There are 2 protein chains.
Amino acid sequence: MRISQLSAETDVPIPTIKYYLREGLLPSGEQTSATRAEYGEAHVRRLRLIRALLEVGRLPIASIAKVLAAVDDEELGMHRVLGTAHYAIAPATTPPPDGEEWQRARDEADRLITGLGWRIEPWAPAREELAQALYTLARLGMPMDEESLRPYTRAVETLVEHEIGILPLDGPRETAVERLVIGTVMHGRVLDVLRRLAHESASARFFGVAPGENGDKAHTDS
Amino acid sequence: MRISQLSAETDVPIPTIKYYLREGLLPSGEQTSATRAEYGEAHVRRLRLIRALLEVGRLPIASIAKVLAAVDDEELGMHRVLGTAHYAIAPATTPPPDGEEWQRARDEADRLITGLGWRIEPWAPAREELAQALYTLARLGMPMDEESLRPYTRAVETLVEHEIGILPLDGPRETAVERLVIGTVMHGRVLDVLRRLAHESASARFFGVAPGENGDKAHTDS
DNA sequence: ATATTCGGATAGTACAGCTACCCAATGGGT
DNA sequence: ACCCATTGGGTAGCTGTACTATCCGAATAT
């Protein structure tokens with residue numbers, strides 16, 4: 001198919017497809033002549049994956065490029081590809097140049113990870129993220145310790161075990177690796193959305209608002 | 001305290017504080033003269049909250065402004081403030097102008113929510129987000145139905161019940177409302193980070209990588 | 001044969017979140 | 001009483017991200 005059909009198939013404008021080609025997100029089609037290239041089903045799939053990582057996963061273009069490069073690298077094992085995906089998902093943390101309190105948060109995060117028996121690379125960006133979250137919560141007067149984190153760690157251990165269990169390891173590498181990445185990113189979003197929905201529902205029940213009402217006196221919809 | 005001290009206290013540059021004042025994120029200090037204003041502990045707390053919502057919660061400035069306006073509005077009940085926070089957290093979804101398949105995803109999301117007995121406003125943005133996630137997963141060949149979502153819904157129900165349970169409802173409204181917002185945003189991030197950590201750990205264990213190695217042949221970092 | 005369409009490249013746009021600069025009015029130290 | 005650093009207030013500029021618009025010359029469809 002030509003670029004126009006690829007665009008029609010995926011609802012991605014042609015200039016945007018060209019942009020993705022330039023950025024190395026999308027492999028170029030097979031050149032049939034100097035000014036003509038042929039795209040296939042793989043391009044459609046790849047483009048959908050890009051949009052999923054971008055629109056649902058909220059990954060920046062540059063991170064998507066890295067993830068896809070890892071997916072396409074036949075040399076890389078599953079674990080390495082997943083690591084790349086994890087690294088890419090991690091938003092750039094701007095650690096405070098603070099000294100003591102920040103260091104304590106980092107140590108606390110590391111201690112927590114060790115205590116759970118989790119096998120995490122020392123340079124994993126998620127360590128920093130966890131430290132940042134705990135540090136910020138402490139500064140806001142809502143510190144979380146190992147005890148109060150337990151419900152969360154238990155929940156994610158159950159979920160992750162489940163997610164790993166349903167991986168299609170018997171198929172070709174590309175399929176498995178792609179699903180691994182998709183799952184890593186998309187299931188996180190699903191979990192987040194469900195949490196907020198459950199939150200709203202619990203709030204409605206707990207604060208005793210009848211369905212259809214909104215629980216305040218001034219009914220000013222922004 | 002003066003603006004310079006407020007800046008030193010919170011590690012936020014003075015121009016940025018001025019920017020937040022302009023955007024209505026931060027109430028102005030008490031004017032002691034035409035060119036002098038006095039800031040207090042409340043401003044420090046508010047500034048820290050802003051940075052938390054911005055850096056950890058990744059909320060855009062405009063959304064933070066809405067959330068804080070709701071927090072400060074004494075007229076609003078807990079549920080309404082939470083609703084505002086939920087609305088603000090929800091990233092702007094660009095629904096595909098598609099017809100049938102998208103509508104099916106929306107219906108599926110609504111059916112799911114109803115089936116769980118959750119009490120969700122019909123216009124809640126999280127509905128759209130859930131639909132988008134399910135739609136995208138289906139297009140990527142990894143559809144999730146009520147059955148495969150069950151582990152996730154069970155997990156969030158447990159977590160949310162726990163979160164609501166620890167709210168300080170006996171204190172002043174401002175404290176409770178602030179913690180509600182902080183918890184809504186920050187606990188989501190904590191859960192996400194923990195999930196990725198558990199994911200990495202499970203991947204390391206499952207794919208049989210010894211600690212310190214990285215599970216591929218070509219040891220090319222980044 | 002000629003009007004489209006294509007690939008490839010360059011430049012411009014829109015938005016977010018700051019950051020820099022300027023100004024006149026203080027006001028604390030001397 | 002003096003004077004220079006600081007403040008509030010405002011406008012304008014910067015940086016990064018994700019596109020979007022336009023141009024060009026070759027090739028293909030009709």
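Below, chain A is the first sequence line, B the second, and so on; all start at residue 1. Because only heavy atoms are used, hydrogens play no part in the values below, and waters and symmetry mates are left out as well, while side chains stay in. In this text the structure is predicted, and so the values were computed from the model without any measurement.
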Rounded to whole angstroms, how far apart are CG on A:Leu21 and P on C:dG7? 9 Å
Look at all strands and tell whether A:Ser28 reaches a base, only sugar-phosphate, or nothing, counting heavy atoms closer than 4.0 Å. nothing
Once side chain to side chain contact (heavy atoms under 4.5 Å, CB included) is applied, do any residues pair with A:Pro60, and if so which ones, sequence neighbours excluded? A:Ser63
With sequence neighbours excluded, residues passing salt bridge (charged side-chain N to carboxylate O under 4.0 Å, His left out) with A:Arg127: A:Asp110
Can you list every side-chain hydrogen bond (donor to acceptor under 3.5 Å, both in side chains) pair that touches residues 189-200 of chain A, not counting sequence neighbours? A:Arg189-B:Glu129, A:Asp192-A:Arg196, A:Arg195-B:Glu163, A:Arg196-B:Glu129, A:His199-B:Glu163
How would nucleotides 14-30 of chain D be written as a contact map, 5' to 3', with B for base contact, S for sugar-phosphate-only contact and - for no contact, using protein heavy atoms under 4.0 Å? ----BBB-----SSS--
Does C:dT5 have its OP1 or OP2 closer than 4.0 Å to a side-chain nitrogen or oxygen of A:Ser4? no
Looking only at side-chain N and O atoms, does B:Gln31 come under 4.0 Å of OP1 or OP2 in C:dA25? no
Quick one: list whatever passes salt bridge (charged side-chain N to carboxylate O under 4.0 Å, His left out) with B:Asp107, sequence neighbours left out. none
Please identify each residue that fulfils salt bridge (charged side-chain N to carboxylate O under 4.0 Å, His left out) with B:Arg106, with sequence neighbours left out. B:Glu128
Once ring-ring contact (aromatic ring centres under 6.0 Å, His included) is applied, do any residues pair with B:Tyr152, and if so which ones, sequence neighbours excluded? A:His187
May I ask you to decide whether B:Asp73 forms a salt bridge with B:Arg173, counting only side-chain N to carboxylate O separations under 4.0 Å? no
Please list, chain by chain and in numerical order, all residues satisfying side chain to side chain contact (heavy atoms under 4.5 Å, CB included) with A:Tyr87, sequence neighbours excluded. A:Pro125
To the nearest Å, how far apart are B:Gln5 CD and D:dT6 P? 14 Å
Under a 4.0 Å heavy-atom cutoff, the residues of residues 41-49 of chain B touching DNA chain D are none
